[in-house]
Peer 1: 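Before anything else, here's the structure in question.
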Amino acid sequence: MLNSSLSNQNQPDFDLKSVLTESKLRGLWRLMTGFHLTYIGATLSLSLGALANTVTFLLLRYFVDDYLGGKANVGLPLILVGFLGLALLQGGFTFLSRTLAARTAEGVVVRLRNYLFDHIQRLSFTYHDKTQTGDLLQRSTSDVDTIRRFFADQAIESGRVLLLFLINFAALLYLNWRLALLSVIVVPFVVGVSYFFFKQVGKRYEKYQETESKLSTALQENLSGVRVVKAFARQRYEEEKFDTINKEKYTRGMRLLVMHATFWPITDLLCGAQLIGGFAAGGLMAINGTITIGTYLAYASLVGWIIWPMRNLGRLIVHMSEGLVSFGRVCEVIKQDREPVLEGTYQPQGKLRGELVFDNVSFVYTTGEEPVLQNISFSIKPGQRVALLGSTGSGKTSLVNLLPRFYEYTDGRILLDGVELKDYNRHYLRQQIGIVEQEPFLFSRNVRDNITYGVEREVSQAEVEDAAQAAAIHDVIITKLPEGYDTLVGEKGITLSGGQKQRVALARTLLKDPRILILDDSTSSVDTETEALIRLALQELMKNRTTFIIAHRIQTVMDADLILVMSHGRIVQRGKHAELLAQDGFYRKIYEAQTRIEQELEQELNQAVHREVTNVN
């Protein structure tokens, strides 16, 4: 049974969408798929432990009434062995039950975490655009841990309480049915109070978790953007914003704790009154001779194992509401449809050629909103370079994001090598397309791992260095980084400068050797000299590779085979550099403005050098 639970711990074929039912308890049962026998074993062990506990008190009755009364048929040593054996059985079965329950809880949660991690990565860009990272972190950590506690403690403990009640109540009926009935008068009231608090705690816990998600988001954003915060001296502003959310969390947390704090004295009062009444009635019956002293002692022990576990059941019911709320929050993520990366009707036999045709393509992020792209039409041949120029928000990045099918165009069509883009599956497209983003992301690994990240094969050191040299970063890695290619770059590459991160990202894309290359303003974070080095290195590498270049500097786009000037999601100018300069339009204005700025900077620099030389002389 233990081995079967371990073998089922990571079931790749088990789709957790099967847990999405109207009944959360049924969903939790399905979540235990592969661990049902283990959990049933935990429950059976629990019942045997509870039975051993009850028999102990019946043996106590026998010891007092029969052995001390001189009517016993067995000696004291055998009775002592009986007490010891029952204690060992109770302890052993309790240990086994806890172990099996923990094995189930940890196994279920390991699978759940793995599934959520994989599932979240496979959700669409649209989903991630509208979902906060902190909220996903909260659901994948805190809520998952609450589910773990549900299986490890609350569910199994609830079963234990019910078994203790049934077994001990049966024992009480055996001892004296009047006392038995008298001892459970309060039970319906405890259950009723627990159910009321179950509803209230569930509502307040859900609001509390929502606020904690906001807090996680604020903390994650602040830590990720700590350099920006310090650069703009906005620590006080961030503190006040965090304090506002934290106070909201405190308020909701206090409301939740007040519910817990109110529950305890009410149930303690009910259970205490029940015990006092039961002891008094049992004591009077013993004094009157209705029951024996041994029966009273057994009753006094058994009734405690009915009342206090039932009171504990109320606590468990209240906490179980938290587990059900967390399960519901996790299910909200699970029910999201994954991006169908392998869905497609056309699979090329070899690599792409890279011929592209945009035919009246329009795109809108959300239905009803203003279109981001409108009637985009152009065509490029394999190996050509297309430059996209325009102000921020003109639609340049949205256009190139359609190529790897991060988003689906809403009107028109895009043909890739003569085939509708939507006929290709996303996985194949993304293997054939390399992207260097405007804000490159590096992982907390060494430089070599970051460069080889996009390649699904073994890569030699020589290949890594060739890619780094082509991106003009090899010399920096060798001479300035303490451990060369084995240097850890820190979270998001924080130990590297903006230009260095950009060039590492470029090397990563070049090593992938894609047929289509997208450079999304990839030289914006480097100085003029480094940009020139990268541009010279790319001249040879971009041969026979269809390349999209998004840039703001005219120097970066002037050698392109086709330049598209965009504004408000439309193409307002197109042509080569010389053709666009001959037109009286946006492109020439940008060129003249940038040329004038460069000339003024050069003139100021020359004057500064001249003054310095004059002062020295």
Side-chain angles (χ1 to χ4, degrees), residues 356 358 372-373 376-381 383-401 403 434-440 470-472 497-499 501-503 505-506 509-510 516-543 545-606:
L356 278 161
F358 280 66
V372 179
L373 298 173
I376 302 295
S377 295
F378 66 92
S379 62
I380 53 175
K381 297 178 180 178
Q384 285 191 327
R385 285 168 285 177
V386 181
L388 303 176
L389 192 70
S391 60
T392 301
S394 59
K396 304 184 299 297
T397 301
S398 296
L399 188 150
V400 296
N401 279 339
L403 294 176
I435 304 174
V436 181
E437 296 178 326
Q438 185 176 3
E439 298 179 4
S497 68
K501 285 193 292 185
Q502 199 75 278
R503 283 177 281 170
L506 179 59
T509 304
L510 293 172
I516 299 176
L517 182 63
I518 298 174
L519 306 176
D520 189 354
D521 210 7
S522 57
T523 58
S524 61
S525 299
V526 300
D527 53 48
T528 305
E529 183 180 355
T530 304
E531 181 185 7
L533 291 172
I534 294 177
R535 193 163 59 247
L536 288 173
L538 290 176
Q539 293 301 317
E540 187 67 28
L541 290 170
M542 286 192 293
K543 287 182 178 179
R545 193 193 314 274
T546 303
T547 306
F548 284 80
I549 306 170
I550 299 176
H552 291 92
R553 297 178 184 175
I554 295 295
Q555 281 189 331
T556 306
V557 305
M558 60 193 306
D559 294 330
D561 298 294
L562 175 65
I563 301 173
L564 302 177
V565 181
M566 301 187 65
S567 177
H568 298 94
R570 296 179 181 273
I571 298 175
V572 294
Q573 283 186 285
R574 69 179 68 206
K576 293 188 176 182
H577 173 68
E579 296 171 350
L580 294 175
L581 278 183
Q583 301 173 13
D584 184 16
F586 180 80
Y587 185 86
R588 190 168 74 179
K589 291 179 181 179
I590 294 296
Y591 175 79
E592 291 174 350
Q594 290 184 3
T595 302
R596 184 174 62 256
I597 291 172
E598 290 177 1
Q599 290 174 348
E600 290 175 354
L601 287 174
E602 184 177 359
Q603 184 178 0
E604 289 182 7
L605 180 61
N606 291 333

Peer 1: Using a 4.5 Å cut-off on heavy atoms from C-beta on, say whether the side chain of Ile590 contacts that of Ile554.
Peer 2: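 When only atoms from C-beta onward are counted, Ile590 and Ile554 do touch, with a gap below 4.5 Å.
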Peer 1: Testing the basics here: between Thr546 and Lys381, what is the closest heavy-atom pair and its distance to 0.1 Å?
Peer 2: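 Between these two residues, the closest heavy atoms are OG1-O, 3.9 Å.
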Peer 1: How far does OH of Tyr591 sit from CG of Leu580, to the nearest 0.5 angstrom?
Peer 2: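 It comes to 12.5 Å.
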Peer 1: Shortest non-hydrogen contact from Met566 to Ile376?
Peer 2: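 Smallest interatomic distance, heavy atoms only, reads CE-CD1, 4.1 Å.
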Peer 1: Where is the tightest heavy-atom contact between Val557 and Ala551, given as atom of each residue plus distance?
Peer 2: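 Looks like CG1-CB, 3.7 Å.
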Peer 1: What's the separation between atom CG in Leu581 and atom CD1 in Ile563, rounded to the nearest 0.5 Å?
Peer 2: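 Going from the CG atom of Leu581 to the CD1 atom of Ile563 covers 8.0 Å.
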Peer 1: So how far is it from Ile435 CD1 to Leu506 CG, rounded to the nearest 0.5 Å?
Peer 2: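 If I round to the nearest 0.5 Å, the distance is 13.0 Å.
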Peer 1: Shortest non-hydrogen contact from Val436 to Thr509?
Peer 2: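 Distance-wise, the nearest heavy atoms are CG2-OG1, 3.2 Å.
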Peer 1: Do the side chain of Gln573 and the main chain of Phe586 share a donor and acceptor less than 3.5 angstrom apart?
Peer 2: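 Pair found, side chain donor or acceptor close to backbone of Phe586.
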Peer 1: At what distance, to the nearest 0.5 angstrom, does CZ of Phe548 lie from CD1 of Ile380?
Peer 2: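 If we round to the nearest 0.5 Å, Phe548:CZ and Ile380:CD1 are 3.5 Å apart.
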Peer 1: Which value, rounded to the nearest 0.5 Å, describes the distance between Ile549 atom CD1 and Asp520 atom CG?
Peer 2: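 Going from the CD1 atom of Ile549 to the CG atom of Asp520 covers 12.0 Å.
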Peer 1: If you measure from CG on Asp559 to NZ on Lys576, what distance do you get to the nearest 0.5 Å?
Peer 2: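 The CG atom of Asp559 sits 10.5 Å away from the NZ atom of Lys576.
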Peer 1: Any side-chain heavy atom of Asn401 sitting closer than 4.5 Å to one from Ile518?
Peer 2: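 Sidechains of Ile518 and Asn401: no contact.
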Peer 1: In terms of ring plane angle, is the pair Phe358 and Phe378 parallel, tilted or perpendicular, where the classes change at 30° and 60°?
Peer 2: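 Answer is parallel, since the angle falls under 30°.
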Peer 1: Does the side chain of Leu356 reach to within under 4.5 Å of the side chain of Val386, using non-hydrogen atoms?
Peer 2: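 A side-chain contact is absent here, since even the closest heavy-atom pair is not under 4.5 Å.
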Peer 1: Provide the closest heavy-atom pair for Leu510 versus Ala470 in the form atom of the first, atom of the second, distance.
Peer 2: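 Leu510 and Ala470 have their closest heavy atoms at CD1-CB, 4.0 Å.
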Peer 1: Within a radius of less than 6.0 Å around NE2 of His568, do more than 12 heavy atoms belonging to other residues, nucleotides or ligands occur?
Peer 2: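 Counting neighbours around NE2 of His568, 12 or fewer heavy atoms of other residues, nucleotides or ligands fall under 6.0 Å, so no.
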Peer 1: Please name the pair of heavy atoms, one in Ser567 and one in Val572, separated by the smallest distance, quoted to 0.1 Å.
Peer 2: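 Distance-wise, the nearest heavy atoms are CB-CG1, 3.9 Å.
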